[in-house]
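What follows is a structure written as structure tokens; I'll ask about it next.
Start at 1 with the first residue, then count along the sequence.
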Amino acid sequence: MLTLHHLNLSRSQRVLWALEELHLPYDIVRYQREPTMLAPEALKKVHPLGKSPVLEDNGQVLAESGAILEYLQENYDPDARLKPQAAADKIQYRFWLHYAEGSLMPLLLMKLVFASLGKRPVPVGLRTVGKMLGQGIQKAWLNKQLATHAQFIEAHLARHPWFAGEQLSMADIQMSYPAFALLARGGQGELPQLERWKQAVESLPAWQKAVAQGGPLDFPG
């Protein structure tokens, strides 16, 4: 039996979605973020890094959402429903699986950190300076970087309905977390192609079941 250790508002939403798309039976162990938004210490009992998602399968303990998605596709998707077969689509599939965490998420995490420098837990006496520093870095560098990535994604989705071609794949599932975050806090203005893709995702029965199980993937702006 597959067991998913799921933290609210986290990357494990992707694994929930994949499990539902593959119609796999699974157990779910739920964890709630601390008031600091960090994962609870209890997750370290499951995996030394104390992060989510963690998937258990017949004694195997798997971490890292991208690795888990590939594992599920390789072991539980015999008809390759969630992996394209055309050569060009396979190249895009591999690219977006790695791009999500390797290129886009670091920028979005920096956006979150720099936007928080004027708030708790930053000491009161440093919040004004922290706010100015965070805003300055975002304006001078970070927002420009995010704009480049946003337009790159827009251009790709203008040519393809899904990230790896004509059908939903694990690439879309992997991209869901940073894509939703980009729309919520990227500050990049209108992104009609990404919004179209997001609406298509939200219309899928498996996505809706994943949300019912794990909660909505809503990011603060």
Test side chain to side chain contact (heavy atoms under 4.5 Å, CB included) on Asn75 and Asp57 and set out the steps. CA-CA 11 Å; Asn75 291 277; Asp57 184 20; 5.8 Å; no
CG of Leu194 to CD of Gln151, rounded to nearest 0.5 Å, is 10.5 Å
Are the side chains of Met170 and Leu72 in contact, using a 4.5 Å heavy-atom criterion? yes
Side-chain heavy atoms nearer than 4.5 Å, only ILVMFWY residues, links allowed to pass through others: does that put Leu97 and Met175 together? yes
Same cluster (ILVMFWY, side-chain, under 4.5 Å), Met105 and Trp141: yes
Will you find, in the side chains of Tyr71 and Glu64, an N or O donor that is under 3.5 Å from an N or O acceptor? no
Check for me, please, whether Val29 and Leu24 land in the same ILVMFWY cluster - side-chain distances under 4.5 Å, paths through other members count. no
Validation row: Arg127, Lys119 side chains within 4.5 angstrom (heavy atoms): no
Can you give me the closest heavy-atom contact between Leu69 and Val15, atom names plus distance? CD2-CA, 4.2 Å
Please step through side chain to side chain contact (heavy atoms under 4.5 Å, CB included) for the pair Leu16 and Leu4, ending with a clear verdict. CA-CA 8 Å; Leu16 267 176; Leu4 175 64; 3.5 Å; yes
Minimum-distance pair of heavy atoms, taken over all atoms of Pro161 and Arg196: O-NH1, 2.7 Å
Under a 4.5 Å cut-off applied to non-hydrogen side-chain atoms, are Trp207 and Ile173 in contact? no
Shortest non-hydrogen contact from Asp89 to Gly165? OD1-CA, 3.8 Å
Is there a path of hydrophobic side-chain contacts, each under 4.5 Å between heavy atoms, that joins Leu7 and Tyr177? no
To the nearest 0.5 angstrom, please state how far the CG atom of Leu182 sits from the CD1 atom of Ile153. 5.5 Å
State, with a plain yes or no, whether a side-chain heavy atom of Pro40 is found less than 4.5 Å away from one of Arg33. no
When you compare the side chain of Tyr76 with that of Leu2, does any pair of heavy atoms fall below 4.5 Å? yes
Dump the intermediate steps for side chain to side chain contact (heavy atoms under 4.5 Å, CB included) on Val201 and Trp162, then the final yes or no. CA-CA 10 Å; Val201 167; Trp162 300 98; 4.0 Å; yes
Validation row: Phe114, Leu142 side chains within 4.5 angstrom (heavy atoms): yes
OH (Tyr99) and NE2 (His156) are apart, to the nearest 0.5 Å, by 10.5 Å
Less than 6.0 angstrom separating the ring centers of Phe152 and Trp96, yes or no? yes
Return the CD to CD distance between Gln174 and Glu70, rounded to the nearest 0.5 Å. 8.5 Å
For Ser10 versus Leu217, what's the shortest heavy-atom pair and its separation? O-CD1, 4.1 Å
Give a yes or no on whether a salt bridge exists between Arg11 and Glu101, defined as a side-chain N under 4.0 angstrom from a carboxylate O. yes
On a heavy-atom basis, the closest approach of Ala39 and Gly50 is CB-O, 3.6 Å
Using the side chain to side chain donor-acceptor pair (under 3.5 Å) rule, take Ser176 and Arg14 through it: C-alpha gap first, then chi angles, then the decisive distance, then the call. CA-CA 7 Å; Ser176 61; Arg14 297 190 279 208; 5.2 Å; no
Report the distance from atom OG1 of Thr148 to atom CG of Leu107, rounding to the nearest 0.5 Å. 9.5 Å
Show your reasoning for whether side chain to side chain contact (heavy atoms under 4.5 Å, CB included) applies to Lys111 and Leu146. CA-CA 9 Å; Lys111 179 79 172 177; Leu146 281 169; 4.0 Å; yes
About how many Å separate OG of Ser65 and NZ of Lys51, when rounded to the nearest 0.5 Å? 12.5 Å
With a 4.5 Å cut-off on side-chain heavy-atom distances among I, L, V, M, F, W and Y, is there a chain of contacts connecting Leu82 to Ile91? no
Measure centre to centre between the rings of Phe180 and Trp17, then say whether the value is under 6.0 Å. no
Is there a donor-acceptor pair under 3.5 Å between the side chain of Glu56 and the backbone N or O of Thr3? no
Is a side-chain donor or acceptor of Arg81 paired with a backbone partner of Gln73 at a separation under 3.5 angstrom? no
Checking Gln208, His6, Arg30 against Gln213 for side-chain hydrogen bond (donor to acceptor under 3.5 Å, both in side chains), the one that qualifies is Arg30
Is the closest side-chain heavy-atom distance between Tyr93 and Phe163 below 4.5 Å? no
Is there a side-chain contact between Val211 and Gln13, using heavy atoms and a 4.5 Å cut-off? yes
Please check: side-chain N/O of Ser52 versus main-chain N/O of His5, any donor-acceptor pairing under 3.5 Å? yes
